[in-house]
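Note sheet for the following structure.
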Amino acid sequence: MNILMPTAGTPYRFSDLFFAKLGLFRSKKVVKKFSGILKGYFNVENIAFVNSGTTANFIIYKILKDLRKRDEQVEIILPAYTAPSLLLPIDAEGLKPVLVDIDPATFNLDVTKVKEKLNSKTLAVMPIHMFGLPCEVDSLLALTKDTDVFVIEDGASALGSTVEGKHIGTRAPFGFYSLNRGKNVSTLAGGIITWNNKDLADSFEKYIGELTSLPAHSQFIMFIKFIALSLAVRPFTYTLLNPIVAKFKYTTLHTHFDSFQYTKMQAALGINLWKRIEYLDQKRVENGLRLLEIFKEKNGIRIPLIPNGSRVAFNQFPVIVEDLEKRSLIIERLKQTGLETTTLYDHPLHNIFPEFNKAGDDPYPNATYLAEHLLLIPPHAQINQKILATVQKVINELA
Ligand SMILES: Cc1ncc(COP(=O)(O)O)c(C=O)c1O
(Lines give C-alpha, C1' and ligand atoms only; values in the text may rest on other atoms or scores of the structure.)
Protein backbone atom coordinates (compact mmCIF):
# COMPACT_ATOMS: atom_id res chain seq x y z
CA MET A 1 0.00 0.00 0.00
CA ASN A 2 1.29 3.47 -0.95
CA ILE A 3 1.01 5.57 2.25
CA LEU A 4 -0.20 9.09 1.48
CA MET A 5 0.64 12.29 3.35
CA PRO A 6 -2.63 14.21 3.82
CA THR A 7 -3.12 17.60 2.20
CA ALA A 8 -3.99 19.30 5.47
CA GLY A 9 -4.17 19.00 9.17
CA THR A 10 -2.44 18.85 12.47
CA PRO A 11 -3.03 15.61 14.36
CA TYR A 12 -4.40 16.11 17.83
CA ARG A 13 -2.36 14.62 20.65
CA PHE A 14 -3.91 12.51 23.36
CA SER A 15 -3.61 15.48 25.76
CA ASP A 16 -5.54 17.71 23.31
CA LEU A 17 -8.42 15.25 23.27
CA PHE A 18 -8.25 14.75 27.01
CA PHE A 19 -8.45 18.49 27.76
CA ALA A 20 -11.13 18.98 25.12
CA LYS A 21 -13.29 16.36 26.81
CA LEU A 22 -12.76 18.03 30.19
CA GLY A 23 -13.90 21.29 28.59
CA LEU A 24 -17.39 19.85 28.39
CA PHE A 25 -17.60 19.95 32.18
CA ARG A 26 -15.98 23.34 32.67
CA SER A 27 -17.75 26.67 33.01
CA LYS A 28 -18.02 29.24 30.23
CA LYS A 29 -14.83 30.75 31.63
CA VAL A 30 -12.90 28.36 29.39
CA VAL A 31 -14.02 30.36 26.34
CA LYS A 32 -12.96 33.57 28.14
CA LYS A 33 -9.59 32.01 28.85
CA PHE A 34 -9.14 31.11 25.16
CA SER A 35 -10.14 34.70 24.25
CA GLY A 36 -7.42 35.99 26.56
CA ILE A 37 -4.80 33.74 24.95
CA LEU A 38 -5.80 34.81 21.46
CA LYS A 39 -5.92 38.50 22.38
CA GLY A 40 -2.27 38.14 23.36
CA TYR A 41 -1.44 36.12 20.24
CA PHE A 42 -3.04 38.56 17.80
CA ASN A 43 -2.26 41.61 19.97
CA VAL A 44 -5.87 42.83 19.78
CA GLU A 45 -8.34 44.05 22.37
CA ASN A 46 -11.56 42.65 20.98
CA ILE A 47 -12.22 39.06 20.05
CA ALA A 48 -15.19 36.71 19.86
CA PHE A 49 -15.80 33.12 18.80
CA VAL A 50 -18.54 31.45 16.78
CA ASN A 51 -18.97 28.06 15.11
CA SER A 52 -17.32 28.93 11.76
CA GLY A 53 -15.59 31.52 9.64
CA THR A 54 -18.81 31.82 7.67
CA THR A 55 -20.78 32.71 10.80
CA ALA A 56 -18.05 35.16 11.84
CA ASN A 57 -18.45 36.90 8.50
CA PHE A 58 -22.26 36.77 8.85
CA ILE A 59 -22.16 38.48 12.27
CA ILE A 60 -19.83 41.17 10.92
CA TYR A 61 -22.37 41.91 8.15
CA LYS A 62 -25.12 42.27 10.76
CA ILE A 63 -23.01 44.83 12.63
CA LEU A 64 -22.17 46.70 9.41
CA LYS A 65 -25.86 46.90 8.52
CA ASP A 66 -26.48 48.53 11.91
CA LEU A 67 -23.58 50.93 11.33
CA ARG A 68 -24.21 51.86 7.71
CA LYS A 69 -25.26 55.40 6.86
CA ARG A 70 -27.70 54.47 4.09
CA ASP A 71 -29.94 51.44 3.54
CA GLU A 72 -28.86 51.36 -0.10
CA GLN A 73 -25.37 50.25 1.02
CA VAL A 74 -25.62 46.58 0.11
CA GLU A 75 -22.58 45.83 -2.03
CA ILE A 76 -19.67 43.72 -0.81
CA ILE A 77 -16.55 43.83 -2.97
CA LEU A 78 -14.52 40.60 -3.04
CA PRO A 79 -12.13 38.78 -5.40
CA ALA A 80 -13.54 36.64 -8.19
CA TYR A 81 -11.39 33.70 -7.13
CA THR A 82 -12.09 32.64 -3.57
CA ALA A 83 -14.13 30.21 -1.44
CA PRO A 84 -17.63 30.05 -2.97
CA SER A 85 -19.09 29.69 0.55
CA LEU A 86 -18.31 33.39 1.12
CA LEU A 87 -21.40 34.20 -0.91
CA LEU A 88 -23.67 32.49 1.63
CA PRO A 89 -23.57 35.09 4.44
CA ILE A 90 -23.76 37.88 1.84
CA ASP A 91 -26.95 36.34 0.53
CA ALA A 92 -28.31 35.57 4.01
CA GLU A 93 -28.06 39.25 4.95
CA GLY A 94 -29.71 40.45 1.72
CA LEU A 95 -26.44 41.94 0.47
CA LYS A 96 -24.95 41.80 -3.02
CA PRO A 97 -21.50 40.50 -4.03
CA VAL A 98 -19.47 42.61 -6.45
CA LEU A 99 -16.45 40.89 -7.93
CA VAL A 100 -12.99 42.19 -8.76
CA ASP A 101 -10.32 40.28 -10.67
CA ILE A 102 -7.26 38.90 -8.91
CA ASP A 103 -3.71 40.12 -9.47
CA PRO A 104 -1.80 37.39 -11.33
CA ALA A 105 1.39 38.35 -9.46
CA THR A 106 0.05 38.08 -5.91
CA PHE A 107 -2.77 35.50 -6.54
CA ASN A 108 -4.91 37.80 -4.32
CA LEU A 109 -7.47 40.56 -4.91
CA ASP A 110 -6.19 43.16 -7.41
CA VAL A 111 -6.38 46.16 -5.09
CA THR A 112 -5.81 48.58 -7.97
CA LYS A 113 -9.16 47.56 -9.46
CA VAL A 114 -11.25 48.14 -6.33
CA LYS A 115 -11.63 51.90 -6.83
CA GLU A 116 -13.65 51.49 -10.04
CA LYS A 117 -16.20 49.32 -8.16
CA LEU A 118 -16.78 51.74 -5.28
CA ASN A 119 -20.04 53.68 -5.35
CA SER A 120 -22.76 54.94 -3.03
CA LYS A 121 -24.06 51.37 -2.63
CA THR A 122 -20.78 49.90 -1.39
CA LEU A 123 -20.95 48.63 2.17
CA ALA A 124 -17.61 46.84 2.46
CA VAL A 125 -14.46 45.71 0.69
CA MET A 126 -13.10 42.32 1.65
CA PRO A 127 -9.39 41.68 1.13
CA ILE A 128 -9.03 37.91 1.45
CA HIS A 129 -5.65 36.51 2.43
CA MET A 130 -5.83 33.45 0.21
CA PHE A 131 -3.61 30.42 0.93
CA GLY A 132 -2.04 32.35 3.85
CA LEU A 133 -0.64 35.04 1.53
CA PRO A 134 -1.16 38.55 2.93
CA CYS A 135 -3.37 40.63 0.66
CA GLU A 136 -2.43 44.31 0.54
CA VAL A 137 -4.70 46.10 3.02
CA ASP A 138 -3.15 49.52 3.64
CA SER A 139 -4.04 50.89 0.19
CA LEU A 140 -7.66 49.77 0.71
CA LEU A 141 -7.74 51.48 4.10
CA ALA A 142 -6.40 54.66 2.44
CA LEU A 143 -8.91 54.36 -0.41
CA THR A 144 -11.89 54.02 1.93
CA LYS A 145 -10.70 56.57 4.51
CA ASP A 146 -13.28 59.33 4.98
CA THR A 147 -15.90 57.26 3.11
CA ASP A 148 -18.78 55.16 4.45
CA VAL A 149 -17.14 51.96 3.23
CA PHE A 150 -15.83 49.37 5.71
CA VAL A 151 -12.89 47.03 5.24
CA ILE A 152 -13.18 43.44 6.48
CA GLU A 153 -10.10 41.22 6.36
CA ASP A 154 -10.76 37.56 5.67
CA GLY A 155 -7.92 35.72 7.36
CA ALA A 156 -9.73 32.36 7.29
CA SER A 157 -6.78 30.59 5.65
CA ALA A 158 -4.03 32.82 6.94
CA LEU A 159 -3.95 32.51 10.70
CA GLY A 160 -0.34 33.11 11.75
CA SER A 161 0.70 35.26 8.76
CA THR A 162 2.07 38.68 9.66
CA VAL A 163 3.12 41.85 7.87
CA GLU A 164 5.77 43.93 9.62
CA GLY A 165 5.14 41.91 12.75
CA LYS A 166 1.40 42.62 12.79
CA HIS A 167 -1.03 39.74 12.32
CA ILE A 168 -3.05 39.85 9.12
CA GLY A 169 -6.71 40.33 9.94
CA THR A 170 -5.90 42.98 12.53
CA ARG A 171 -5.10 45.99 10.32
CA ALA A 172 -8.65 46.72 9.18
CA PRO A 173 -11.53 47.62 11.54
CA PHE A 174 -12.93 44.06 11.16
CA GLY A 175 -11.28 40.71 10.60
CA PHE A 176 -12.10 37.03 10.93
CA TYR A 177 -10.41 33.64 10.87
CA SER A 178 -11.51 30.04 10.49
CA LEU A 179 -10.64 27.12 12.77
CA ASN A 180 -12.23 24.63 10.41
CA ARG A 181 -10.58 21.32 9.53
CA GLY A 182 -7.91 22.00 6.95
CA LYS A 183 -7.17 25.48 8.24
CA ASN A 184 -3.81 26.49 9.80
CA VAL A 185 -5.03 25.51 13.26
CA SER A 186 -8.27 23.66 13.74
CA THR A 187 -10.70 22.99 16.55
CA LEU A 188 -12.69 20.88 14.06
CA ALA A 189 -14.67 24.02 13.20
CA GLY A 190 -14.78 27.53 14.54
CA GLY A 191 -14.63 31.19 13.68
CA ILE A 192 -12.77 34.04 15.36
CA ILE A 193 -13.88 37.66 14.95
CA THR A 194 -11.64 40.64 15.72
CA TRP A 195 -12.62 44.31 15.58
CA ASN A 196 -10.94 47.50 16.67
CA ASN A 197 -13.77 49.65 18.07
CA LYS A 198 -14.41 48.54 21.65
CA ASP A 199 -17.81 50.29 21.62
CA LEU A 200 -19.04 47.48 19.38
CA ALA A 201 -18.45 44.79 22.01
CA ASP A 202 -22.07 44.86 23.21
CA SER A 203 -23.44 44.51 19.68
CA PHE A 204 -21.19 41.52 18.99
CA GLU A 205 -22.19 39.98 22.31
CA LYS A 206 -25.87 40.51 21.53
CA TYR A 207 -25.73 38.88 18.08
CA ILE A 208 -23.57 35.99 19.25
CA GLY A 209 -25.78 35.56 22.32
CA GLU A 210 -28.76 35.10 20.02
CA LEU A 211 -27.14 32.07 18.36
CA THR A 212 -28.17 28.70 19.71
CA SER A 213 -25.70 26.71 21.75
CA LEU A 214 -25.11 23.10 20.81
CA PRO A 215 -27.07 20.60 22.90
CA ALA A 216 -25.09 18.04 24.95
CA HIS A 217 -25.66 15.15 22.53
CA SER A 218 -24.31 17.22 19.59
CA GLN A 219 -21.28 18.08 21.68
CA PHE A 220 -20.70 14.41 22.31
CA ILE A 221 -20.84 13.78 18.56
CA MET A 222 -18.40 16.65 18.15
CA PHE A 223 -15.97 14.88 20.45
CA ILE A 224 -16.19 11.73 18.31
CA LYS A 225 -15.45 13.98 15.31
CA PHE A 226 -12.33 15.33 17.05
CA ILE A 227 -11.07 11.75 17.26
CA ALA A 228 -12.04 11.04 13.65
CA LEU A 229 -10.28 14.21 12.45
CA SER A 230 -7.19 13.34 14.43
CA LEU A 231 -7.07 9.97 12.66
CA ALA A 232 -7.97 11.37 9.26
CA VAL A 233 -4.91 13.62 9.17
CA ARG A 234 -2.36 10.93 10.06
CA PRO A 235 -0.74 9.35 6.98
CA PHE A 236 -1.55 5.71 7.74
CA THR A 237 -5.19 6.21 8.76
CA TYR A 238 -5.62 8.90 6.08
CA THR A 239 -4.63 6.37 3.43
CA LEU A 240 -6.99 3.77 4.89
CA LEU A 241 -9.85 6.23 5.25
CA ASN A 242 -9.19 8.02 1.96
CA PRO A 243 -12.42 6.97 0.21
CA ILE A 244 -14.45 8.37 3.14
CA VAL A 245 -12.24 11.41 3.84
CA ALA A 246 -12.49 12.51 0.20
CA LYS A 247 -16.20 13.14 0.72
CA PHE A 248 -15.52 15.69 3.47
CA LYS A 249 -13.06 17.77 1.51
CA TYR A 250 -14.04 21.20 0.24
CA THR A 251 -14.78 20.25 -3.31
CA THR A 252 -18.54 20.36 -3.21
CA LEU A 253 -20.51 23.57 -3.29
CA HIS A 254 -22.08 24.52 0.01
CA THR A 255 -25.60 25.88 -0.27
CA HIS A 256 -26.36 26.41 3.40
CA PHE A 257 -24.60 27.28 6.64
CA ASP A 258 -25.59 26.80 10.25
CA SER A 259 -24.81 29.34 12.92
CA PHE A 260 -24.31 28.47 16.54
CA GLN A 261 -22.07 29.31 19.44
CA TYR A 262 -18.52 28.08 19.89
CA THR A 263 -18.38 25.27 22.43
CA LYS A 264 -16.44 25.02 25.69
CA MET A 265 -14.92 21.79 24.40
CA GLN A 266 -13.51 23.53 21.33
CA ALA A 267 -12.14 26.34 23.49
CA ALA A 268 -10.44 23.79 25.77
CA LEU A 269 -8.95 22.08 22.70
CA GLY A 270 -7.83 25.46 21.35
CA ILE A 271 -6.11 26.35 24.62
CA ASN A 272 -4.07 23.15 24.42
CA LEU A 273 -3.24 23.61 20.73
CA TRP A 274 -2.05 27.16 21.36
CA LYS A 275 0.67 25.77 23.63
CA ARG A 276 2.49 24.74 20.43
CA ILE A 277 1.31 27.53 18.16
CA GLU A 278 4.82 28.91 17.59
CA TYR A 279 5.98 25.55 16.31
CA LEU A 280 2.90 25.09 14.10
CA ASP A 281 3.22 28.58 12.59
CA GLN A 282 6.97 28.29 12.12
CA LYS A 283 6.70 24.97 10.25
CA ARG A 284 4.27 26.51 7.76
CA VAL A 285 6.58 29.48 7.28
CA GLU A 286 9.72 27.34 6.83
CA ASN A 287 8.09 24.77 4.56
CA GLY A 288 6.64 27.60 2.45
CA LEU A 289 10.06 29.22 2.07
CA ARG A 290 11.58 25.92 1.01
CA LEU A 291 8.77 25.37 -1.52
CA LEU A 292 9.38 28.86 -2.90
CA GLU A 293 12.99 27.87 -3.56
CA ILE A 294 11.94 24.59 -5.16
CA PHE A 295 9.41 26.15 -7.54
CA LYS A 296 11.12 29.43 -8.38
CA GLU A 297 12.45 30.00 -11.90
CA LYS A 298 11.00 26.74 -13.17
CA ASN A 299 9.83 26.51 -16.73
CA GLY A 300 6.09 27.12 -17.09
CA ILE A 301 5.54 27.54 -13.34
CA ARG A 302 4.60 30.77 -11.58
CA ILE A 303 4.99 31.38 -7.87
CA PRO A 304 3.21 34.17 -5.97
CA LEU A 305 4.92 37.43 -5.10
CA ILE A 306 5.55 37.54 -1.36
CA PRO A 307 4.68 40.99 0.02
CA ASN A 308 7.56 42.95 1.57
CA GLY A 309 7.91 42.56 5.32
CA SER A 310 5.59 39.56 5.47
CA ARG A 311 5.99 36.26 7.25
CA VAL A 312 3.71 33.82 5.47
CA ALA A 313 2.12 30.97 7.40
CA PHE A 314 1.02 29.17 4.24
CA ASN A 315 -2.19 27.22 4.47
CA GLN A 316 -1.33 25.70 1.10
CA PHE A 317 1.63 26.62 -1.10
CA PRO A 318 0.14 27.80 -4.41
CA VAL A 319 1.76 27.66 -7.84
CA ILE A 320 0.33 28.22 -11.32
CA VAL A 321 1.28 25.53 -13.82
CA GLU A 322 0.81 26.84 -17.34
CA ASP A 323 0.64 23.48 -19.10
CA LEU A 324 -2.29 21.46 -17.73
CA GLU A 325 -0.80 18.15 -18.83
CA LYS A 326 2.30 18.98 -16.87
CA ARG A 327 0.13 19.84 -13.86
CA SER A 328 -1.54 16.41 -14.05
CA LEU A 329 1.87 14.78 -14.34
CA ILE A 330 3.17 16.61 -11.25
CA ILE A 331 0.05 15.66 -9.27
CA GLU A 332 0.42 12.03 -10.33
CA ARG A 333 4.16 11.82 -9.65
CA LEU A 334 3.88 13.46 -6.23
CA LYS A 335 1.07 11.08 -5.35
CA GLN A 336 3.24 8.11 -6.34
CA THR A 337 5.90 9.40 -3.94
CA GLY A 338 3.27 9.61 -1.18
CA LEU A 339 2.31 13.29 -1.22
CA GLU A 340 -1.23 14.30 -2.00
CA THR A 341 -1.81 17.74 -3.54
CA THR A 342 -5.00 19.67 -4.37
CA THR A 343 -6.28 22.05 -7.01
CA LEU A 344 -9.07 23.48 -4.81
CA TYR A 345 -11.85 25.39 -6.57
CA ASP A 346 -11.68 24.57 -10.28
CA HIS A 347 -13.77 27.61 -11.19
CA PRO A 348 -13.88 31.27 -10.18
CA LEU A 349 -17.08 32.63 -8.63
CA HIS A 350 -18.34 34.14 -11.89
CA ASN A 351 -18.24 30.76 -13.62
CA ILE A 352 -19.90 28.93 -10.75
CA PHE A 353 -22.70 31.49 -10.51
CA PRO A 354 -23.67 32.56 -14.06
CA GLU A 355 -25.42 35.75 -12.85
CA PHE A 356 -21.93 37.31 -12.55
CA ASN A 357 -21.11 36.57 -16.14
CA LYS A 358 -24.08 37.75 -18.21
CA ALA A 359 -22.09 39.46 -20.96
CA GLY A 360 -20.46 36.24 -22.14
CA ASP A 361 -16.86 37.57 -22.32
CA ASP A 362 -14.81 36.65 -19.29
CA PRO A 363 -14.90 39.72 -17.01
CA TYR A 364 -12.24 38.36 -14.61
CA PRO A 365 -9.76 36.41 -16.75
CA ASN A 366 -6.96 36.30 -14.17
CA ALA A 367 -9.27 34.63 -11.66
CA THR A 368 -10.33 32.08 -14.29
CA TYR A 369 -6.71 31.33 -15.20
CA LEU A 370 -5.74 30.88 -11.56
CA ALA A 371 -8.69 28.53 -10.92
CA GLU A 372 -7.82 26.39 -13.92
CA HIS A 373 -4.04 26.22 -13.47
CA LEU A 374 -3.62 26.21 -9.70
CA LEU A 375 -1.69 23.51 -7.88
CA LEU A 376 -1.47 23.48 -4.09
CA ILE A 377 1.33 21.77 -2.17
CA PRO A 378 0.70 21.15 1.53
CA PRO A 379 3.12 22.96 3.90
CA HIS A 380 1.73 21.78 7.24
CA ALA A 381 3.83 20.64 10.18
CA GLN A 382 3.86 16.97 9.13
CA ILE A 383 5.68 17.83 5.89
CA ASN A 384 9.33 17.09 6.65
CA GLN A 385 12.67 17.61 4.91
CA LYS A 386 12.55 14.18 3.29
CA ILE A 387 9.20 14.90 1.65
CA LEU A 388 10.40 18.32 0.49
CA ALA A 389 13.52 16.74 -1.03
CA THR A 390 11.26 14.38 -2.98
CA VAL A 391 9.15 17.32 -4.18
CA GLN A 392 12.33 19.02 -5.33
CA LYS A 393 13.44 15.94 -7.24
CA VAL A 394 10.08 15.56 -8.99
CA ILE A 395 9.91 19.26 -9.91
CA ASN A 396 13.49 19.31 -11.17
CA GLU A 397 12.68 16.38 -13.43
CA LEU A 398 9.37 17.69 -14.72
CA ALA A 399 9.79 21.47 -14.91
C1 LIG B 1 -11.02 32.34 2.31
C2 LIG B 1 -12.09 31.70 3.14
N3 LIG B 1 -12.98 32.48 3.80
C4 LIG B 1 -13.95 31.95 4.58
C5 LIG B 1 -14.08 30.59 4.72
C6 LIG B 1 -15.19 30.03 5.57
O7 LIG B 1 -14.70 29.48 6.75
P8 LIG B 1 -15.49 28.26 7.49
O9 LIG B 1 -15.22 27.05 6.66
O10 LIG B 1 -14.91 28.19 8.85
O11 LIG B 1 -16.92 28.64 7.50
C12 LIG B 1 -13.20 29.75 4.05
C13 LIG B 1 -13.33 28.28 4.17
O14 LIG B 1 -12.91 27.51 3.36
C15 LIG B 1 -12.16 30.31 3.26
O16 LIG B 1 -11.28 29.54 2.61
Side-chain angles (χ1 to χ4, degrees), residues 7-9 48-61 76-93 97 99-100 102 106-109 124-135 137 151-161 168-169 172 174-194 208 211 222 225 229 248-263 266 269-270 284 304 312-318 342-349 352 367 370-371 374 376 378 380:
T7 52
F49 296 96
V50 284
N51 68 315
S52 69
T54 306
T55 301
N57 195 188
F58 174 61
I59 300 284
I60 292 173
Y61 290 145
I76 308 292
I77 296 177
L78 73 164
Y81 178 83
T82 190
S85 61
L86 280 166
L87 298 183
L88 299 175
I90 295 181
D91 193 46
E93 279 305 298
L99 303 184
V100 170
I102 61 120
T106 63
F107 296 13
N108 264 324
L109 176 76
V125 182
M126 192 143 76
I128 304 179
H129 307 283
M130 289 297 291
F131 317 115
L133 286 164
C135 178
V137 171
V151 178
I152 311 167
E153 287 184 64
D154 175 343
S157 332
L159 194 148
S161 289
I168 63 90
F174 299 92
F176 68 93
Y177 307 85
S178 167
L179 295 170
N180 206 344
R181 48 181 193 270
K183 293 297 186 279
N184 283 9
V185 187
S186 173
T187 55
L188 184 72
I192 306 166
I193 311 173
T194 58
I208 293 170
L211 302 176
M222 182 178 266
K225 287 186 182 170
L229 179 66
F248 293 94
K249 286 192 181 169
Y250 268 130
T251 46
T252 48
L253 207 57
H254 292 232
T255 53
H256 171 78
F257 69 101
D258 289 314
S259 290
F260 45 89
Q261 293 181 9
Y262 197 61
T263 65
Q266 287 171 302
L269 175 61
R284 288 185 181 275
V312 186
F314 282 97
N315 178 249
Q316 294 285 340
F317 182 81
T342 38
T343 54
L344 210 62
Y345 320 115
D346 293 337
H347 302 286
L349 297 185
I352 302 174
L370 179 71
L374 186 66
L376 297 171
H380 55 74

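One-based numbering, in listed order, for ligands and for the atoms of each.
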Sequence-distant partners of F174, ring-ring contact (aromatic ring centres under 6.0 Å, His included), two or more places apart: none

Proximal ligand 1 atoms for [X], defined as those under 4.0 Å from one of its heavy atoms:
| X | value |
| --- | --- |
| S157 | 1 (C), 16 (O) |
| L86 | 3 (N), 4 (C) |
| N180 | 8 (P), 9 (O), 10 (O) |
| S52 | 10 (O), 11 (O) |
| D154 | 1 (C), 2 (C), 3 (N), 4 (C) |
| I128 | 1 (C) |

- request: Output all residues satisfying side-chain hydrogen bond (donor to acceptor under 3.5 Å, both in side chains) with E153, sequence neighbours left out; order by chain, then residue number.
  value: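 So E153 forms a side-chain hydrogen bond (donor to acceptor under 3.5 Å, both in side chains) with H129.
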
- prompt: For ligand 1, is there an atom lying under 4.0 Å from some heavy atom of K183?
  reply: yes

query: Where does the angle between the aromatic ring planes of Y81 and Y345 fall among parallel (under 30°), tilted (30 to 60°) and perpendicular (over 60°)?
result: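 Ring orientation of Y81 relative to Y345: tilted.
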
Is [Y] close to [X] at the side-chain level, that is, under 4.5 Å between some pair of heavy atoms?
| X | Y | answer |
| --- | --- | --- |
| T7 | L376 | no |
| V50 | F176 | no |
| L78 | V100 | no |
| L179 | L159 | yes |

task: Output yes when the distance from some N or O of ligand 1 to some N or O of S85 is under 3.5 Å, and no in every other case.
output: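 No - when backbone and side-chain N and O of S85 are compared with those of ligand 1, no distance drops under 3.5 Å.
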
query: Short N/O distance, under 3.5 Å, between L179 and ligand 1?
result: no

